[in-house]
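Input: a single structure, listed below in structure tokens.
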Amino acid sequence: MDDANICIATAISLLMILICGMATYGAYKQHAAWIIPFFCYQIFDFALNTLVAISVVVYPNTVQDYLQQLPGTFPYKEDIMSTNNMCLVFAVLLFIGCILSFKAYLIGCVWNCYRYVSGRGTTEVLVYVTTNDTTVLLPPYEEAVTIPPKDPPPQYMEA
């Protein structure tokens, strides 16, 4: 790597540390606006990974080209190269699909955190809609609240 690539990699790493720190601070201090940059980064990263998956589907020969560019000391390179191209594409897509599923789950977690933090200041009341079918299952209020009388204490016989 040359100096320009090292500078770019360092700048991206510092930016990612800053964005992750902002998300952590926003979640800890209950500031929803601090979580948004991390959420936007996750959406951008998910979109890029989706484009990679699409490119593997559209151009399946790129998997073989990538394998040929690997160094000769890469373990099992010849065994992988001898595998059927469609099997390689399927394995790569399965792997990318697992990664995309996990990223989608994490995006949902960050979104739920954002909604929770942004909704803490409001005084929303949950409204439960019931129908006649569900109210039949509930006992009447008086029956549920009344406490049955206790049995009288047992009489002890004196010896």
Side-chain angles (χ1 to χ4, degrees), residues 1-139 144:
M1 289 182 66
D2 57 347
D3 290 341
N5 288 340
I6 291 175
C7 288
I8 291 171
T10 303
I12 290 173
S13 298
L14 290 175
L15 182 65
M16 287 309 307
I17 291 170
L18 177 69
I19 289 174
C20 291
M22 287 173 60
T24 305
Y25 177 80
Y28 179 71
K29 292 290 187 174
Q30 305 289 316
H31 296 301
W34 288 74
I35 301 172
I36 293 296
F38 185 73
F39 181 73
C40 292
Y41 160 73
Q42 280 188 312
I43 296 295
F44 179 73
D45 184 51
F46 186 83
L48 286 181
N49 282 299
T50 304
L51 286 176
V52 168
I54 291 171
S55 71
V56 168
V57 171
V58 174
Y59 303 109
N61 293 333
T62 56
V63 176
Q64 287 284 348
D65 294 339
Y66 176 73
L67 287 174
Q68 290 173 353
Q69 294 174 5
L70 291 174
T73 59
F74 190 80
Y76 304 111
K77 179 181 176 182
E78 290 78 24
D79 296 334
I80 296 172
M81 290 285 293
S82 65
T83 309
N84 185 5
N85 193 26
M86 291 312 291
C87 290
L88 282 176
V89 169
F90 178 73
V92 168
L93 286 177
L94 185 66
F95 182 72
I96 292 174
C98 291
I99 290 174
L100 285 176
S101 305
F102 185 66
K103 285 180 185 264
Y105 169 74
L106 292 178
I107 287 171
C109 291
V110 172
W111 178 248
N112 285 337
C113 177
Y114 171 76
R115 281 191 355 208
Y116 174 76
V117 169
S118 64
R120 279 184 57 82
T122 62
T123 56
E124 294 180 6
V125 177
L126 293 176
V127 178
Y128 294 101
V129 178
T130 59
T131 62
N132 288 338
D133 295 339
T134 57
T135 53
V136 170
L137 300 175
L138 298 173

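Hydrogens, waters and symmetry mates are skipped; everything else that's a heavy atom, side chains included, is used. From a predicted model like this one, the values you see are computed outputs, not experimental measurements.
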To the nearest 0.5 Å, how far apart are CG in D2 and SG in C7? 9.0 Å
In Å and rounded to the nearest 0.5 Å, what is the CZ to CD1 distance from F74 to I80? 5.5 Å
Counting only heavy atoms not in N112, do more than 12 sit closer than 6.0 Å to its CG atom? yes
Do I35 and C113 have side chains that get closer than 4.5 Å, going by heavy atoms? yes
Within this structure, what is the CG-SG distance for the pair L93 and C98, rounded to the nearest 0.5 Å? 11.0 Å
Do you know which two heavy atoms are closest between Q64 and N85, and how far apart they sit? CG-OD1, 3.4 Å
Decide yes or no for F38 and M22: does some side-chain heavy atom of the first lie under 4.5 Å from some side-chain heavy atom of the second? no
Report yes if the side chains of Q68 and M81 come closer than 4.5 Å at any heavy-atom pair, otherwise no. yes
Donor-acceptor check, side chain of K77 to backbone of L70, threshold 3.5 angstrom: yes or no? yes
Side chain to side chain, I96 and L100, heavy atoms closer than 4.5 Å: yes
Are the side chains of C40 and F44 in contact, using a 4.5 Å heavy-atom criterion? no
In Å and rounded to the nearest 0.5 Å, what is the CG to OG distance from L18 to S13? 12.5 Å
Test I43 against every option in I107, V110, L48 by the side-chain contact (heavy atoms from CB on, under 4.5 Å) rule and name the one that passes. I107
What heavy-atom pair brings W34 and G26 nearest, and what distance separates the two atoms? CB-CA, 3.5 Å
Rounded to the nearest 0.5 Å, the CZ atom of F90 sits from the CG atom of N84 at a distance of 12.5 Å
To the nearest 0.5 Å, what is the distance between CD1 (I17) and CD1 (I12)? 12.5 Å
